[in-house]
Amino acid sequence: MSDTKVKRPDRTVEEIESVVIRFAGDSGDGMQLTGTQFSNTAAFVGNDISTLPDFPAEIRAPAGSLPGVSAFQLNFSSVDILTPGDEPDVLVAMNPAALKTNLSDLKRNGRLIINTDAFTPMNLRKAGYETNPLEDGTIKDYQVIEIPITSSNAQALKEVDLPKKAIDRSKNFWALGLLFWLYDRPLEPTIKWVTDKFGKNEVLVEANVTALKAGFAYADASELFTAHYRVERAVIEPGTYRKITGNEAIVLGAVAASILAKKQLVYASYPITPASDILHMLSHYRHMDIRTVQAEDEIAAMGAVLGASFAGALAMTGTSGPGLALKAEAMSLALMTELPCVVVDIQRAGPSTGMPTKTEQGDLLQAMFGRNSDSPVAIVAPATPSDCFEMTIDAFRLAVRGMVPTILLSDGYLGNGAEPWKLPNVEDLEPIVIKHPTEPNNGGYLPYLRDKETLARPWAIPGTPDLEHRIGGLEKADKTGNVSYDPENHQRMTDLRHEKVQRLQQIIPLQEVEGEETGDLLVIGWGGTYGAIRTAVRRARRDGRKVSHAHLRYLNPFPANVKEVLSGFKRVLIPELNNGQLLMLIRAEFLVDAVGYNKVYGQPFKVSELVAKIDELC
Amino acid sequence: MSDLKSATPVLTKKDFTSDQEVRWCPGCGDYAILAQVQKVVPTLGIPKEKFVFVSGIGCSSRFPYYMNTYGFHTIHGRAPTVATGIKVANPDLSVWLVTGDGDALSIGGNHLIHALRRNIDIKILLFNNRIYGLTKGQYSPTSEQGKRTKSTPMGSVDYPLHPVSTALAAEATFVARTIDTDTKHLTATLERAAAHKGSAFVEIFQNCNIFNDKAFEYFKGKDVKADRMVEIEHGRPLRFGSENEKGIRWNGKSLEVVTVGDGAEESDLLVHDEQASLHAPFLLGRMDYPAFPIAIGVFRAIERATYENLVDQQVETAKASREPDTLRSLLYSADSWEVE
Ligand SMILES: Cc1ncc(C[n+]2csc(CCOP(=O)(O)OP(=O)(O)O)c2C)c(N)n1
Ligand code: SF4
Ligand SMILES: [Mg+2]
């Protein structure tokens, strides 16, 4: 793309450390794609990035309406960043509804790029504006850049042989080109993407590439911008990187687990936001003998996972909160029959159907206790999108070691959010060792004769001669696995099921603490709040506070040293995107007077609010 | 798929009898079915370790404990889902599912129809006693309307569901019905089901002598059965009656009972075709006394690729077009970049 280079204007280039951009428009405006392309390019040229897609649950809410607004926020930086940013520095508002729903988040004096073509009386009405916000002072506190994006794009594409509607659809690429000029990012990665994606359809390639270049040229030629800005590549550890979302990392983790265990993977699932992508992506791995089943419901998916596990496969299901509720009874069967499997819950906001596309950490207690009677399972929670890779492999490791179902709690923010991922050295990934008995273990075969160290029962699989046995949900007699209603046996088996999960501590790494091991305040988090908490704690430490951060990735059992970690601090703060669930567990288990910071806005924490809370406590 | 029948030692009923004491009520129809299954499976030429018996919850669902094979007593209604997972992971196994009328048609109705429509190669034996046995006698989805039970002292108001119609509507490729006490017919039907590739659905009328005793006597009683039952066989006209004088005719609008030699000829009678389009077996399956005799036999048997075979094919196709990933190619394949 030499022509963009030739046109490099002699305007000043300012170096800045990081920028938070939010693209906002109608669901039909392609904002997710625009944001993704900007993120890909920024990551590709070496920035650190963190993204926050935010879209409506409706596929196409009425055009121009407030519920139809779709946004994508990204933070790209020359330094190590862990969150998509509290407030955007730049807001691109493609229509009045996008302005209305996003303006209050924009930083004071932030840059506001507006598509004026969309500010028609009808669109203003749909957004609930009585007067035109471009004229009535609504936006006076911002650096406003008004551009007729739709018509400029149409003008640039007048030679392209496509109906007007299709032409207008490429205006997001025009806007993307403009932003690429402003932040001095190359067009090539996007052009390559467009060409790969629409390859066969030359007109579409032409339309989108022309739009992209036209937006870039417009910014270059017009007098709207006095400078453009450069965010240098981040100084990050050398290595090979790729951009990854949490759901992608779970898929790769599951496939990797199957390679590491030398075992077929069966994934059964029923579509549900925000977990469906895992099913979509895994269905592309048939060449690896990965068998995906789109079941008739979540119960069926869980049942199929149990059947597959009984038959000797690595088995996983994925869902969100409502689906986890449906799986409860079959998960209980899994822990009773002591079959290994992984249950992925990409948590979303609210009870019942709640807010499907919004994030929350509301399912911890459901994962912990949401089954009849005493029914312990292992629970892990990745901290970042890329951490989902390792934690998925670990979930399988725990499951097969303890012969126990393991729940992996991710969330919508981790699932859809992206970050650069330094790829692990594949030689460092430890094999998952699984032994299926082939010989009788006691003259005959006792399916509940336990391993002395782990207390796990043996995993003999159908097809093995002489080890025929029956399992089921009725209470099992210790060792023989026969049906038993004996009182002492039930007590013993209940204790064994509990102890077996506790013994997973044998391979769970000790809890690490960022900062000193003692101090005024320990902030404990779990799951997707890692980035916000870590950033807030670092900021507070820079301000001289004696605060440390411990982020739990293993929630049942807890790492063996959690009690000791807690004992080093005067106070404990547990921020969660729920009404205090880990708080309840920590208080109950360790008898510490921890306090919570709890919020359920369907959005991740802002760093600033956590800093304020930390300030309040120390 | 490897051959199930390879290198099989000679097996007998004893090999399939577990050491567990059978705990059904004395006189329960489940005993007879267990005995026949234990007699039939050794003759199939399949190694014992390749059988898996899966069940839900109910009296009938205790079945796997009594079979000396791999077995999974699952949860209420969900056995088809577990059987599906077993078959997906290892298509080489011979998977049998034992369920009750409540288990299969009430709580598990959804799973039953989806297992059938997918044509997964599992053998489904539905023990229909038209009652909830294990929970001590509530009416079930197959109980006749008006049935007085513990939960319906004034008679149930629900209209019953017909297992055979349900299976046919779910696109089942093999649908049959038989009776616990008819040893010969039961054996033959089990053999046919075992030989079928794809999901085989067998409704077995089973007497619950405790909560619904003699539920099927009205048509299968010794003195009445010749006139109230018809055994359907592929390629044969539908004839019944103590003198074999009656038959079933299709009059262009509906089925009717006729007497051969009295207004109808043998050639007028409906000839049973297991591959006929769905409405024929549907009508036969719904025949009930007093308007009609009740039919037993194989209503439908057609061939169609099984779910696991189609998945296997996709796996083969995918493998042919793409090398398996190594850990390295898996992770490093996408748009990665180097940082120095
Ligand atoms: C989730 C759940 N709900 C209810 C029950 C209680 N329950 C056990 S068996 C059964 C009905 C069984 O009837 P059927 O399937 O006809 O089997 P039968 O005992 O007649 O052989 C019920 C309601 C249960 N075990 N699990
Ligand atoms: S209750 Fe009925 S179905 Fe259950 S074991 Fe007794 S006789 Fe058989
Ligand atoms: Mg019943």
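Just so it is clear, the values below take in all heavy atoms, side chains as well, and ignore hydrogens, waters and symmetry mates. First the proteins, then the strands, lettered A, B, ... as listed; each starts at 1.
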Would you sort out whether B:Asp312 and A:Arg286 count as a salt bridge (charged side-chain N to carboxylate O under 4.0 Å, His left out), showing the intermediate values?
-> CA-CA 9 Å; B:Asp312 273 349; A:Arg286 284 272 201 264; over 6 Å; no
Just jot down the ring-ring contact (aromatic ring centres under 6.0 Å, His included) partners of A:Tyr448, sequence neighbours excluded, or say none.
-> none
Would you say the side chain of B:Val52 lies within less than 4.5 Å of the side chain of A:Glu468, judging by non-hydrogen atoms?
-> no
Pick from B:Glu323, B:Glu316, B:Gln314: which one has the most heavy-atom pairs with chain A under 4.5 Å?
-> B:Gln314
Distance in Å, A:Ile299 CD1 paired with B:Arg78 CZ, rounded so as to fall on 0.5 Å steps = 4.0 Å
Within residues 100-115 of chain B, contacts to chain A at heavy-atom distances under 4.5 Å involve B:Asn110, B:His111, B:His114
Value for CG (A:Leu423) from CG (B:Leu327), rounded to nearest 0.5 Å, stands at 11.5 Å
Turns out that what part of B:Val88 lies under 4.5 Å from chain A's heavy atoms comes down to both
Could you walk me through whether B:Arg118 and A:Glu296 pass salt bridge (charged side-chain N to carboxylate O under 4.0 Å, His left out), step by step?
-> CA-CA 11 Å; B:Arg118 292 191 183 108; A:Glu296 59 269 24; 2.9 Å; yes
Specify whether B:Trp337 and A:Tyr241 have parallel, tilted or perpendicular ring planes, treating 30° as the upper limit for parallel and 60° as the lower limit for perpendicular.
-> parallel
Option that, when pairs with chain B are counted at under 4.5 Å, heavy atom only, ranks first among A:Val305, A:Leu333, A:Ile461, A:Leu429 | A:Leu333
Would you find a donor on one side and an acceptor on the other, under 3.5 Å apart, between the side chain of A:Arg470 and the backbone of B:Thr69?
-> yes
For A:Pro189, is it the side chain, the backbone, both or neither that has a heavy atom under 4.5 Å from a heavy atom of chain B?
-> neither
Check: B:Tyr332 main-chain N/O paired with A:Arg242 side-chain donor or acceptor under 3.5 Å = no
Distance, nearest 0.5 Å, that separates OH of A:Tyr285 from CG of B:Asp325 = 6.5 Å
NZ/A:Lys422: more than 12 non-hydrogen atoms of other groups inside 6.0 Å = yes
Where on A:Leu252 is there a heavy atom nearer than 4.5 Å to chain B: the side chain, the backbone, both, or neither?
-> both
Please tell me if the side chains of B:Tyr65 and A:Asn482 come closer than 4.5 Å, counting only heavy atoms from C-beta onward.
-> no
Locate the shortest heavy-atom distance separating B:Tyr307 from A:Thr292; write the atom from each residue and the value.
-> OH-O, 4.2 Å
